[in-house]
Amino acid sequence: AYFAYLRSAEVEMIYRLRDAGVRVPEPVNFVEGVLVMELVTDASGDPAPRLGDLSYSAAEAREIYDQLIREVVRMLCARSCMATSRTSTS
């Protein structure tokens, strides 16, 4: 019942992506057309820094890039599977 009022397409997509294994923040509330998401934190519980405020070695940057690409692939696969299931049930 807590999220019963969160019926926007964006919230639905976030949950579908999460269920597909994509790392996404949890929706918290939907107020006057604005989706409020959980705060992304570091291991200490502090707000995660902005990527532009950090510096990485080439190896660290490559690992982050690879991780982001894996997440994008999961998103595309999840979206593709959702589109396939919608068309096959029509």
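The structure presented is a predicted model; accordingly, all values stated were derived computationally and were not measured. We use all heavy atoms of the structure for the numbers below, so side chains are in, but hydrogens, waters and symmetry mates are not.
- Ion pairing between D19 and R16 fails under the 4.0 Å rule for side-chain N and carboxylate O.
- Note: the hydrophobic cluster containing V40 does not contain M75 (ILVMFWY, side chain heavy atoms under 4.5 Å, direct or indirect links).
- The CG atom of L76 sits 9.5 Å away from atom CG of L17, with the distance rounded to the nearest 0.5 Å.
- To the nearest 0.5 Å, atoms CZ (R18) and CD (E26) are separated by 5.0 Å.
- We find the CD1-CG distance between I14 and L35 to be 5.0 Å, quoted to the nearest 0.5 Å.
- Residue-environment remark: OH (Y65) stays at or below the threshold of 12 foreign heavy atoms within 6.0 Å.
- Side-chain N or O atoms of E71 include none that pairs as donor or acceptor with a backbone N or O of V22 at under 3.5 Å.
- Qualifying side-chain contact (heavy atoms from CB on, under 4.5 Å) partners for S57, counting only residues two or more places apart in sequence or in other chains: A59, E60.
- Following chains of ILVMFWY side-chain contacts shorter than 4.5 Å, one cannot reach L39 starting from V36, and the two form parts of different hydrophobic clusters.
- A salt bridge is defined here as a Lys NZ or Arg NE, NH1 or NH2 lying under 4.0 Å from an Asp or Glu carboxylate O, and R70 with D66 fails to meet this definition.
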